[in-house]
Every structure is written in structure tokens, then in C-alpha cells.
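Everything numeric here is computed off the predicted structure, so don't read it as measured data.
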Amino acid sequence: MLDYIGSEFQELLLWIVRQLYTSVDTFKSPGYLILLLCIPAYLFWYVWWYAPRRLIVPLSYDPQKLTKKRGSFGILRVLPHILSNIALFFLIIALARPITRNEFTERYSEGIDIMLLLDTSGSMEIDDFEPNRLEVAKKTAIEFVNGRDGDQIGIVLFAEDAYGYAPLTLDYDLLREYLEKIDADMMPKEGTAMGSAIAVGINKMSAHKSPSKVMILLTDGASNRGEIDPITAANLAKRDDIKIHAIGIGKEEYTRRSMFGTQTVKSDLDEETLKEIAKITGGQFFRSEDEGRLQEIFSLISQMERIEIEGQSITEERDHYQPILLTGSIFLVVALLVALTFVYNPLEG
């Protein structure tokens, strides 16, 4: 059915319908509203053509000399016409199918697995970051977790050795709590077992089936502990389709205070190894010498490691024609009943 009715007229009709049925949004078949023109057409026909030409019954007396009784019910003789037109209005509105339409998008994605490998060795307590490298790394990691949605995230800590600190989970509140509790005294901190950390991460991620697996390796030193070297571990990660983004943290040179005074120390960060780890696994290497840069790096990684969320648009419709049809039917029945009573004169109707 073509939409013959203008939008302004539809809005007027919707406003009228909403006074009785507040949840109506629109008409599903607005083309039927053209039938509403039948009502003014009928009224025009009745008032200007039919009424003046209706049957006139001659009387044997002068009706002008009759005294009219107060409270005449003559006006009630047109009541069936009024009720039938109201019934017609509601029946046509019901035919146009007033509905409530709710549109929403159902989104779904499997998410990705992310393992944070966090260095907690003694050098992470150096205060070239305020208050120190480890605290800034923890704070930035928490912000990273806050920016994820639907991804399983786990944590591996490493220093002299490595161990799985938090399993892959969607419980971000638990992850934030775990990150806040990290300190450099949680495990022996003399050394950096970078390869072992990657191996532990691989072991934790191997049991999970995910469309994408990513490790974020954050360290400030060179690998000098552990039973597996970082390059071998990176090749194992590549075999399992795990991408590793490596972040080197710390200034090139920093001042260290001791009982003998202060001295300038050069960072022992092994950039070449970190770059090779990232290259082997298809990740990227980043260098951070201040907190702002570290936040930018995590933000960049967060943008890079997102799976496109697929969505399906769904329209939910609720039909309101039944109560409106019932209303119109009631008016029609009442009009027929009134036509059978004393108030209706068929000779004048």
C-alpha cells in the first residue's frame, strides 16, 4: 500500500492516538489512513446534500404553532451518526497498524587473550619515574585493563624467576586488585628471567582457544636468568601464533644514590633482544623514558589489538491494533443499539 498520507498529517494522527495509547510510535501501514477522508466526505454529503432532500411528511396541523418542550432530546437523533463515525475512525486507525518500534544492535565477538609480562626485578625500583618504574608500570597496566572489554587478560611476573600471577580472566576487578598488590619483594629480584616469563605465558595461553593471542612484555633490563633464552621462547610463541609487543622502560642514563653519594648509571636494557622478540612474533618494540610515553604506548597497543565487533541490527515491533479495533467495535455496537431505541427517528435520519 502506497504511503498517500503526508508526514504532518501522520504526526497529527499519532498525537491523537497517543492520547489514548501512549506507547504508539508509528503506523506500520500508513497508506490506509487515506480512508479517513471518508469521514469528512460522509459529513459533507449528509449535511449539505442528504439532509435538505430527505423525506418530508405533510402534517394536518401547523408545526410552528406547537409549543416546544423544554429539554428536547431531538439532538440525540444524530447520535448514531456520531457514534458510527467515531467507530469508523478507530477501525481505520486499527487498519493502519499502530506499533511501537524498538531498534537495537546485537553485538558479539569472541575477544582476544592478552598476557601482561611484568618485570619486578630490583632495577624496577629505580626512581627515574615518579615514584619508581614499577609503580608507574602498575598504574599504566591498570589503565590498560580499564580500557578493555570482553578480552581475557592474565599476568605473569618475572625477576630471578617467572610465575603465573593471575590466570586469563574476564574479572577486571580482580585483575586491578592483583596489579595494585604487586611489589618488588614478591619474589627473588636479583636478575631478569625474560625467556622464562615468555615460556610461562605460552603455557598459560595454550589451553585457551582465541582468535588472537597477545603478550605485552615490559622490562627495564637484559635477560640474565632462566633456563630458556628469550629468542628461543619467542620462536615457541610464534609457533603458537602468539604476538609479543615488547616495551623497554627507563631512561638511557639515570642517577643512583647510595651511601657513597650519587653516580650516573647507564641503563642495561637489551633493546636488540626486545626488537628481535617483537620481530619474530609479528609484534612491535617500544621505548619509554617517561610516564607519558608509557601511557601512549599502552594506548597504542590497546588500539592495535582489537577485534572488529560484529553486530546485527534487530527491530522489535509491538502491535497495538487489537485494543484500537476493540474500541472501534464497541462504538459501532453502541451506534447500532442507539439506532434501535426511541431517540432515533429513521424518517429524519
Engineer: Listed by chain and number, what are the side-chain hydrogen bond (donor to acceptor under 3.5 Å, both in side chains) partners of N85, not counting sequence neighbours?
Structural biologist: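 Checked N85 against side-chain hydrogen bond (donor to acceptor under 3.5 Å, both in side chains); zero matches.
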Engineer: Quick one: do L134 and L217 end up in the same hydrophobic cluster if we chain Ile, Leu, Val, Met, Phe, Trp and Tyr together by side-chain heavy atoms under 4.5 Å apart?
Structural biologist: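 Result: no, two separate clusters.
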Engineer: Identify, with sequence neighbours excluded, every residue that meets side-chain hydrogen bond (donor to acceptor under 3.5 Å, both in side chains) alongside T120.
Structural biologist: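 Listed in chain order: nothing, the list is empty.
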Engineer: Is it true that K213 and D241 have a side-chain N and a carboxylate O under 4.0 angstrom from each other?
Structural biologist: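 Looking at D241 together with K213, the answer is no, because their closest N to O distance does not fall below 4.0 Å.
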Engineer: Please tabulate, for side-chain N and O atoms in residues 160-170, each donor-acceptor pair with protein atoms closer than 3.5 Å (sequence neighbours left out).
Structural biologist:
{"from": "Y165", "atom 1": "OH", "to": "Y178", "atom 2": "O", "distance (Å)": "2.8"}
{"from": "T169", "atom 1": "OG1", "to": "D171", "atom 2": "N", "distance (Å)": "2.9"}

Engineer: Can you list every side chain to side chain donor-acceptor pair (under 3.5 Å) pair that touches residues 214-226, not counting sequence neighbours?
Structural biologist: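 Listed once each, the pairs are D119-T219, S123-D220, R133-D220.
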Engineer: Excluding sequence neighbours, so at least two apart, what forms side chain to side chain contact (heavy atoms under 4.5 Å, CB included) with I297?
Structural biologist: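 With sequence neighbours excluded, I297 shows a side chain to side chain contact (heavy atoms under 4.5 Å, CB included) to I247, F286, S288, R293, I301, given in chain and number order.
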Engineer: Could you tell me which non-hydrogen atom of P230 sits nearest to which non-hydrogen atom of T273, and how far apart they are?
Structural biologist: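 Between these two residues, the closest heavy atoms are CB-CG2, 3.9 Å.
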Engineer: With sequence neighbours left out, what residues match S329 under side-chain hydrogen bond (donor to acceptor under 3.5 Å, both in side chains)?
Structural biologist: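 Listed in chain order: nothing, the list is empty.
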Engineer: Let me check something: any side-chain donor-acceptor pairs from residues 189-197 under 3.5 Å, sequence neighbours excluded? List them with distances.
Structural biologist:
{"from": "K189", "atom 1": "NZ", "to": "E125", "atom 2": "OE1", "distance (Å)": "3.0"}
{"from": "K189", "atom 1": "NZ", "to": "D185", "atom 2": "OD1", "distance (Å)": "3.0"}

Engineer: Who pairs with F144 by ring-ring contact (aromatic ring centres under 6.0 Å, His included), at least two apart in sequence or on another chain?
Structural biologist: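 Residues passing ring-ring contact (aromatic ring centres under 6.0 Å, His included) with F144: F298.
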Engineer: Where is the tightest heavy-atom contact between L179 and K138, given as atom of each residue plus distance?
Structural biologist: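 Result for this residue pair: O-CE, 3.1 Å.
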Engineer: I need the full list of salt bridge (charged side-chain N to carboxylate O under 4.0 Å, His left out) pairs touching residues 33-49, with sequence neighbours left out, sorted by first then second residue.
Structural biologist: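 Sorted result for residues 33-49: empty, none.
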Engineer: If the condition is side-chain hydrogen bond (donor to acceptor under 3.5 Å, both in side chains), which residues does E252 pass it with, not counting sequence neighbours?
Structural biologist: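 Once residues adjacent in sequence are excluded, the partners of E252 under the side-chain hydrogen bond (donor to acceptor under 3.5 Å, both in side chains) criterion are R287.
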Engineer: Counting only heavy atoms not in K139, do more than 12 fall under 6.0 Å of its NZ?
Structural biologist: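 Result for NZ/K139: open.
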Engineer: Might you work through the side chain to side chain contact (heavy atoms under 4.5 Å, CB included) test for L294 and L218, ending with a clear yes or no?
Structural biologist: CA-CA 10 Å; L294 185 61; L218 188 148; 3.9 Å; yes
Engineer: Considering only residues two or more places apart or on different chains, which pairs with a residue in residues 175-184 satisfy salt bridge (charged side-chain N to carboxylate O under 4.0 Å, His left out)?
Structural biologist: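 Passing the test, one end in residues 175-184: D173-R176, E177-K181.
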Engineer: Show your reasoning for whether side chain to side chain contact (heavy atoms under 4.5 Å, CB included) applies to E296 and L300.
Structural biologist: CA-CA 6 Å; E296 289 177 6; L300 179 60; over 6 Å; no
Engineer: Only one of I277, L274, V214 clears side chain to side chain contact (heavy atoms under 4.5 Å, CB included) with H245; which?
Structural biologist: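 The passing option is V214.
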Engineer: Judged by atom type as modelled, is there a donor-acceptor pair below 3.5 Å linking the side chain of K251 to the main-chain atoms of E289?
Structural biologist: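 Answer holds: yes.
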Engineer: Please enumerate all residues that pass side chain to side chain contact (heavy atoms under 4.5 Å, CB included) together with A222, with sequence neighbours excluded.
Structural biologist: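 Only D270 meet the side chain to side chain contact (heavy atoms under 4.5 Å, CB included) criterion with A222.
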